There are 2 protein chains.
Amino acid sequence: MESIWARPEQAARGPRPAHSRAAVAAAAVRLADAEGIDAVSMRRVAAELGAGTTSLYRYLSSKDDLLDLMVDAVLREQPPPEPTGDRRSDLRTLADATRAVMLRHPWLAAVQASRPNIGPGSLHWMETWLTAVDGLGLDADEMLTAVGTLQLFITGAVLGELAVRASGFDMNRWMAEQGSYGDAIVAGDRYPRVAHVMREARGPHAGDRAERTFAQGVERILDGIVTG
Amino acid sequence: MESIWARPEQAARGPRPAHSRAAVAAAAVRLADAEGIDAVSMRRVAAELGAGTTSLYRYLSSKDDLLDLMVDAVLREQPPPEPTGDRRSDLRTLADATRAVMLRHPWLAAVQASRPNIGPGSLHWMETWLTAVDGLGLDADEMLTAVGTLQLFITGAVLGELAVRASGFDMNRWMAEQGSYGDAIVAGDRYPRVAHVMREARGPHAGDRAERTFAQGVERILDGIVTG
DNA sequence: TTCCATTGCGAGCAGTGTACGCAGTGGTCT
DNA sequence: AGACCACTGCGTACACTGCTCGCAATGGAA
């Protein structure tokens, strides 16, 4: 119910806690980085921390709280690049940095997409984003829209990139796995344009597509935001 | 391992199946629409279908298969709008239609983002997308990049919109819940720009932001794709 | 020194995905 | 027609999940 950021960490009385929110978050992040977000269960995190399973509930009140802490932990560890004043360049740098954090912690994009986070780490990033669009002649509302557009595109792009990467997606391997189904798509005339693109996409430079889609998408959006 | 689309539905011998893949998918979609994707468990779906729990595994080989079928079911039920030939208009219409399906089935965006789907329904949509960017002078690679940019933006935007909606996000209510933490953000000088935007965003027109962010984002991306 | 809020945590509950094995069914072949 | 056996539905069971409850131990405040 009540956000974890509104509750104090330290209690006034009683025995000293053996751990801390930060330590719990760090253990969870370590686990998620190494074995994926699905490996992050309360039992596994507790084990990683060297604590009893239900002891975690002394530091947070639900697994959702744990996810909030994880997101904030990585955003604090990797703070946003300092703005230089060149707005277009700053926004591009922020976009690249965001993508980099999300690729470094492959669970981050999905977790962030599914729940708004408003911890100190997120706020610092948000402050930097807003700084980068400040002075462009936008009112508060337009600033939010501009930053929102960029962030949403980044999230979508990285999610797609990771999904493809996670499934070990390789057009040639995939075609072989699909067998007759894949052949039917490429050979049949039911989806002629899909078939055409699939044949072309088998080329060797297919691996760079995610990178280029991202860069070009950011530029297109910047075109619309930074006029001049 | 092997995609469900590559396996035949009907067996040559033996008793007639009491259900079908389509019926299983329909039951799951009904459940997800009514109670959210978390309500979609094999037991619940089987109950909805009037079958034994593990009977489902006669129709699909894992829950992932079920998710694939669900995505394809709604994309078949709601096929893409026919292209008119006006490429910019067609792309805008496709973007709106995609957003509409995702809002109608709030679980769709998340499921689609986390796993590439290549069922007949997805392929029909993809074919239509490619049709809309055909004749713009793009090669196969650039077409994929253009469509990808749009789709990723749409996914990200809807995910954000749904996350905000799901948490019943209301800036005023939220501020009250956060108590001192929220006050500290808005009153303090640690995040001045965030504080400023938060104060402005409390206005009455805040509800339209998602819609406007989406529409503007699409236009910006179209600016970059449809030159002239 | 007493008090009691707070701690760590074992036991247990309701839920999950799915492997396995069994009885029954009904097309295919002799 | 009769036998075969691939296929069906599905009950049972297992290892896992998030989380509640209750209890003994701790240590700052009174």
Side-chain angles (χ1 to χ4, degrees), chain A residues 1-4 7-25 27-29 31-32 34-71 107 110-111 114-115, chain B residues 1-4 7-25 27-28 31-32 34-70 107 110-111 114-115:
Chain A
M1 173 108 309
E2 193 188 12
S3 152
I4 192 172
R7 270 168 299 147
E9 162 147 30
Q10 298 272 347
R13 298 231 285 273
R16 294 253 174 73
H19 311 282
S20 67
R21 279 182 191 172
V24 174
V29 167
L31 213 51
E35 304 184 38
I37 192 65
D38 283 350
V40 178
S41 73
M42 300 306 264
R43 276 166 246 257
R44 294 287 312 269
V45 171
E48 176 80 21
L49 196 66
T53 302
T54 56
S55 300
L56 293 188
Y57 287 90
R58 295 292 172 194
Y59 300 92
L60 30 89
S61 59
S62 71
K63 188 177 180 178
D64 280 354
D65 277 359
L66 178 59
L67 295 177
D68 283 341
L69 287 181
M70 290 173 67
V71 169
W107 46 270
V111 173
S114 65
R115 50 201 344 274
Chain B
M1 174 110 308
E2 192 187 13
S3 154
I4 191 172
R7 271 169 299 146
E9 164 147 27
Q10 299 272 345
R13 299 232 286 272
R16 295 252 174 72
H19 310 281
S20 68
R21 278 184 192 171
V24 173
L31 213 52
E35 303 183 39
I37 191 67
D38 283 349
V40 177
S41 72
M42 300 306 264
R43 277 167 245 259
R44 294 285 315 267
V45 170
E48 177 81 20
L49 197 67
T53 302
T54 55
S55 300
L56 294 188
Y57 287 89
R58 294 293 173 192
Y59 301 92
L60 30 90
S61 61
S62 73
K63 188 177 182 180
D64 280 355
D65 277 0
L66 178 58
L67 295 178
D68 283 341
L69 287 180
M70 289 173 67
W107 45 271
V111 173
S114 65
R115 50 204 340 276

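Treat the numbers as computed from the prediction; the structure is a model and nothing was measured. Residue numbers start from 1 in every chain, and the chains themselves are labelled A, B, ... in the order their sequence lines are given, proteins ahead of strands.
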[X] vs [Y] side-chain heavy atoms within contact, under 4.5 Å:
X: A:L49; Y: A:H19; result: yes
X: B:E48; Y: B:V40; result: no
X: A:L66; Y: A:L56; result: no
X: B:V45; Y: B:M70; result: no
X: B:D64; Y: B:R115; result: yes

If you check the [X] side chain, which of [options] turns out closest?
X: A:R58; options: D:dC23, D:dG9, D:dT17; answer: D:dC23
X: A:K63; options: D:dG18, D:dG9, C:dG17; answer: D:dG18
X: A:Y59; options: C:dT18, D:dG9, C:dT7; answer: C:dT7
X: B:P15; options: C:dG8, D:dT8, C:dA5; answer: D:dT8
X: A:R44; options: C:dG8, C:dT18, D:dT17; answer: D:dT17
X: A:H19; options: D:dG18, C:dG8, C:dT18; answer: C:dG8
X: A:S41; options: D:dG9, D:dG18, C:dG17; answer: D:dG18

Check the distance between [N]'s [atom2] and [X]'s [atom1] and give it to me in whole angstrom.
X: A:L60; N: C:dT7; atom1: CG; atom2: P; result: 12 Å
X: A:L56; N: D:dC19; atom1: CG; atom2: C1'; result: 11 Å
X: A:M42; N: C:dC9; atom1: CE; atom2: C1'; result: 13 Å
X: B:L49; N: D:dC10; atom1: CG; atom2: P; result: 10 Å
X: A:D38; N: C:dG17; atom1: CG; atom2: P; result: 13 Å
X: B:E9; N: D:dC7; atom1: CD; atom2: C1'; result: 14 Å
X: A:E35; N: D:dC16; atom1: CD; atom2: P; result: 13 Å
X: B:Y57; N: C:dG21; atom1: OH; atom2: P; result: 17 Å

If you go through the side-chain atoms of A:R43, does one of them form a donor-acceptor pair with the base of D:dG18 closer than 3.5 Å?
yes
N/O (side chain, A:R16) to phosphate O (OP1/OP2, D:dG28) under 4.0 Å
yes
Does a nitrogen or oxygen in the side chain of B:T54 sit under 4.0 Å from OP1 or OP2 of D:dC10?
no
Does B:T53 or A:V40 map to a spot on DNA chain D nearer the 5' end, using the closest nucleotide for each?
B:T53
Would you classify A:A51 as touching base, sugar-phosphate or nothing, given that sugar-phosphate means primed atoms plus P, OP1 and OP2, and contacts are heavy atoms under 4.0 Å?
sugar-phosphate
